[in-house]
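Data first, discussion second: the structure below is written as C-alpha cells.
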Amino acid sequence: MANSNPSKPGPQPKGGKASQALISTGAMTVMIITTVVSLRGLPSQAEFGIQSIFYYLFAAIVFLIPFSLVCAELASTYTHSGGLYRWVAEAFGPKWGWTAMYLEWQTLVIWFPAVLMFAAVSLAYIFWPESFDARLSANKIYTLVVVLAVYWITNFIAFRGMKSSKILSTLGGLFGTIVPGAILIILGVAYLCMGKPIMLAHESFFPDFSKIGTIVLAASIFLFYGGMEMNAVHVQNMKNPARQFPRAIFLAVAVIVLLFVFATLAIGFVVPAKDINLLASLLVAYNDLWAAVGVPWLGNVMALLITFGVIGQVSVIIAGPSTGLVAVGESGYLPRSLQKTNAQGVNKPILYVQAIFVSLLSLVLVVLPSVESAYQVMSQMATVIYLILVLMIYFAFIRLRHTQPQKQRGFRIPGGKLGEVVVAGIGILGAVVAMVLSFFPPSQINTGSPVVYVLIIFCGALLFFCVPLIVFSKRKPSWRNPKANFYPFDWQIENRRPSEVSKWSPTYQPTPAQIAGTDARILAEENGASPAEAEKIAAEAEKAYDGSENPQAEAYDILDKDKGTGA
C-alpha cells in the first residue's frame with residue numbers, strides 16, 4: 001500500500017489540461033502497478049497454494065477495480081487540493097473528512113512497524129548459515145531493536161528534506177522490489193522446468209469457506225491492493241479519462257494479479273505450506289531457489305537487496321503522511337504548534353508524534369508470543385482501519401451522486417444508476433467481508449489467546465477511530481492558519497448543508513469574490529458570530545475583494561476590522 005499525499009492547500013491552478021503534462025494510458029498503468037506491487041505479503045498468500053489465485057482474483061474484482069473506479073470519479077470531480085479529505089468532507093462535512101484523512105495517516109503509522117519487522121527478518125538472512133538466520137529473525141529483542149533503530153534513524157534523516165530520501169527510494173524500489181520480484185518469478189519458472197520436487201499442496205481452486213480460520217490471511221490482500229486513492233487524483237491529467245482510466249485499471253489489474261500469482265507460486269514451489277512463515281519464507285524461498293541452480297550464496301544477496309528496498313520505501317514515505325495531515329490541519333484541525341515546518345519544509349513536531357506512535361506500537365512484540373504473530377496483528381489492524389476509510393469513501397461517493405447530480409465529472413462510472421449500485425455495492429460488500437475476516441485469528445499462526453488477539457485489533461481500531469473525533473471536538477479558531485488558502489467546499493460556497501441537494505447548474509463556477517465571502521462567513525462562525533453577523537461579514541468581504549490577496553487573507557482582514565482585534 002502507498003500513501004496518499006495531498007498537495008498543500010492552495011487555489012486551483014489555472015489552465016487545466018492544456019497547461020499540464022498529460023498522462024497516457026500506459027503511464028497510468030505503470031503508476032498503478034508500482035503503487036500496488038510489493039513482495040512483503042507474498043508468503044501470507046503462499047499458505048494457500050493454488051487457492052491463492054482465487055483470492056487474488058476475488059480481491060481484484062470486489063476491491064481493486066470498484067475502488068479504483070470510485071476514486072477516479074471523485075478525484076476528477078473534486079480537483080481542488082485535499083484529496084480524500086475533500087471527497088469525504090464534501091459529502092459529510094469537515095469532521096468526517098478530517099477523520100478520513102487521519103485514518104489514512106494512522107494506517108501508514110501502523111504499517112511502519114509491520115514493514116520494519118519484515119526488514120529486520122530480511123537483514124537477519126544476510127548471514128550464514130540459514131539455521132542462524134532463522135533463530136535470529138525469530139528473536140523478539142533483535143527485531144524490536146532493529147525496528148526502533150531503523151525507524152528513528154530514518155526519521156532524523158527525514159528532517160533534512162525529501163531530496164536524499166527520493167534518491168534512496170528510487171534505488172530501493174528498483175533494486176529492492178522490482179529486480180528481486182522479477183528474479184523470484186524467473187527462478188520459479190526455472191525451478192519448474194528443471195523438474196524439481198514441487199511443494200504446493202494438491203488443493204482445489206476454490207477454498208472451503210466453512211473453515212474461517214484458514215482463510216483469514218486472505219483478507220490482507222485488500223491492503224496489498226491499497227493506495228488507489230493516490231493514483232486517482234491524477235485522472236484529471238488524462239486526455240480522455242472516461243476511456244483511458246478504466247483501460248489503465250484493467251491492464252494494471254491483469255499485470256498485478258499475474259505478478260502476485262507467479263511470485264506467490266514460486267514461494268510455494270520450494271516451501272511447504274506447513275512451514276511457511278509470514279516474515280521469513282520469502283527469504284527461505286530465495287535461498288532454496290538459488291541453491292537449486294547452484295549458487296546458494298545469492299540468497300543472502302537477495303536478503304540484502306530486499307532490506308535495502310524496505311529502508312528506501314520507508315525513507316520516502318515517512319514524511320508523506322505527516323505532510324497530508326498538516327495540510328488539512330492548517331484548515332483548523334491541528335494546534336498551531338503541530339503545524340510548524342523547518343527550513344526544508346519538514347514538519348518535525350508531527351514526525352516526532354508519528355515516531356512515538358510507531359515506537360509504542362512496536363512494543364506489541366513484547367506481549368505477543370512471536371515476531372510472526374506481532375506482524376500479523378499489525379497487518380490486520382492496519383487492514384481494518386484502511387477498510388473503514390474505504391467504506392467512508394464509498395459512502396461519500398453515493399451521497400455526492402445524490403447531492404450533486406449535476407456537477408461536471410471528468411470521469412463518471414459508466415452505467416448510470418445501475419453502474420453506481422453495482423460498483424458501490426460490490427465494493428462495500430467486499431470491504432465488509434474482509435473486515436469481518438480480519439477479526440478471526442488465523443489457524444496457520446500461533447497468535448496466543450484468541451481473545452487477546454481480537455481485543456488488540458478491535459480496541460486498537462476503535463481507539464484510532466476516536467482520536468480524530470476527539471481532536472475535532474477540541475479545535476479552536478486559533479488553530480486555523482491565516483496564511484493557508486484552502487479552497488472552501490461546494491456546500492459552504494452555496495451556503496447549504498452537505499446533505500442538501502445542490503441547485504448549481506452543471507457549468508456554474510464561483511467567483512474569487514464569492515470564495516472570499518465564504519471564507520469570511522466560515523471564520524466569523526468559528527469565532528462565535530451569529531448567522532446574521534456572519535452573513536454581513538461575508539457580504540463585506542465579497543464586496544471588498546479586489547484580487548490582490550488570496551481570498552482567505554481578505555476574509556481575515558474583514559474579520560479583524562469587524563472585531564477590532566487580531567484574528
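Only this structure's heavy atoms are used, side chains among them; waters, hydrogens and symmetry mates stay out. Predicted model only: the values in this text are computed from it and were never measured.
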For a quick test of reading the model, state the closest non-hydrogen atom pair linking [X] to [Y] and the distance between them.
X      : Y      : result
Pro405 : Arg412 : O-NH2, 3.7 Å
Ala524 : Ile537 : CB-CD1, 3.8 Å
Glu525 : Ala534 : CG-CB, 3.7 Å
Arg521 : Ile493 : NH2-N, 4.3 Å
Gln404 : Tyr78  : OE1-OH, 3.2 Å

### Query
Between Glu540 and Lys543, is the closest basic N to carboxylate O distance under 4.0 Å?
no
### Task
Please test Cys459 against Leu463 for side-chain contact (heavy atoms from CB on, under 4.5 Å), starting from the C-alpha separation and ending with a verdict.
CA-CA 6 Å; Cys459 294; Leu463 171 65; over 6 Å; no
Any side-chain heavy-atom pair from [X] and [Y] closer than 4.5 angstrom?
X      : Y      : value
Met381 : Phe464 : yes
Leu429 : Val62  : no
Leu361 : Trp111 : no
Thr403 : Glu500 : no
Phe440 : Pro450 : no

### Task
Kindly say whether the aromatic ring centers of Trp96 and Phe395 come within a distance under 6.0 Å.
no
### Query
Is the centre of the Phe489 ring less than 6.0 Å from the centre of the Phe92 ring?
no
### Task
Please assess Leu351 against Asn347 for the test side-chain contact (heavy atoms from CB on, under 4.5 Å), listing each intermediate value before the final yes or no.
CA-CA 6 Å; Leu351 286 183; Asn347 184 282; 5.7 Å; no
#### Entry: Worked check of side-chain contact (heavy atoms from CB on, under 4.5 Å) between Val390 and Phe63
CA-CA 10 Å; Val390 167; Phe63 177 71; 3.8 Å; yes
#### Entry: Side chain Glu73, main chain Arg409, donor-acceptor under 3.5 Å
no
#### Entry: Over 12 non-hydrogen atoms of neighbours within 6.0 angstrom of CZ in Phe458
no
### Task
Kindly determine whether Thr77 and Leu400 satisfy side-chain contact (heavy atoms from CB on, under 4.5 Å), including the steps that lead there.
CA-CA 10 Å; Thr77 305; Leu400 290 170; over 6 Å; no
### Task
Verify whether one side chain among Glu494 and Tyr508 offers a donor that lies under 3.5 Å from an acceptor in the other.
no
### With sequence neighbours excluded, residues passing ring-ring contact (aromatic ring centres under 6.0 Å, His included) with Phe472
Tyr333
### Query
Can you tell me how far OG of Ser359 sits from CD of Gln354, rounded to the nearest 0.5 angstrom?
10.5 Å
### Task
Determine, stepwise, if the pair Phe159 / Tyr352 fulfils ring pair (Phe, Tyr, Trp, His ring centres under 6.0 Å).
CA-CA 10 Å; Phe159 291 167; Tyr352 276 122; 5.3 Å; yes
### Task
Carefully, step by step, assess Tyr394 and Phe397 under the rule ring pair (Phe, Tyr, Trp, His ring centres under 6.0 Å).
CA-CA 5 Å; Tyr394 275 124; Phe397 162 74; 7.6 Å; no
### Task
Establish, yes or no, whether the cationic atom of Arg86 lies under 6.0 Å from the six-membered ring centre of Phe486 and within 45° of the ring axis.
yes
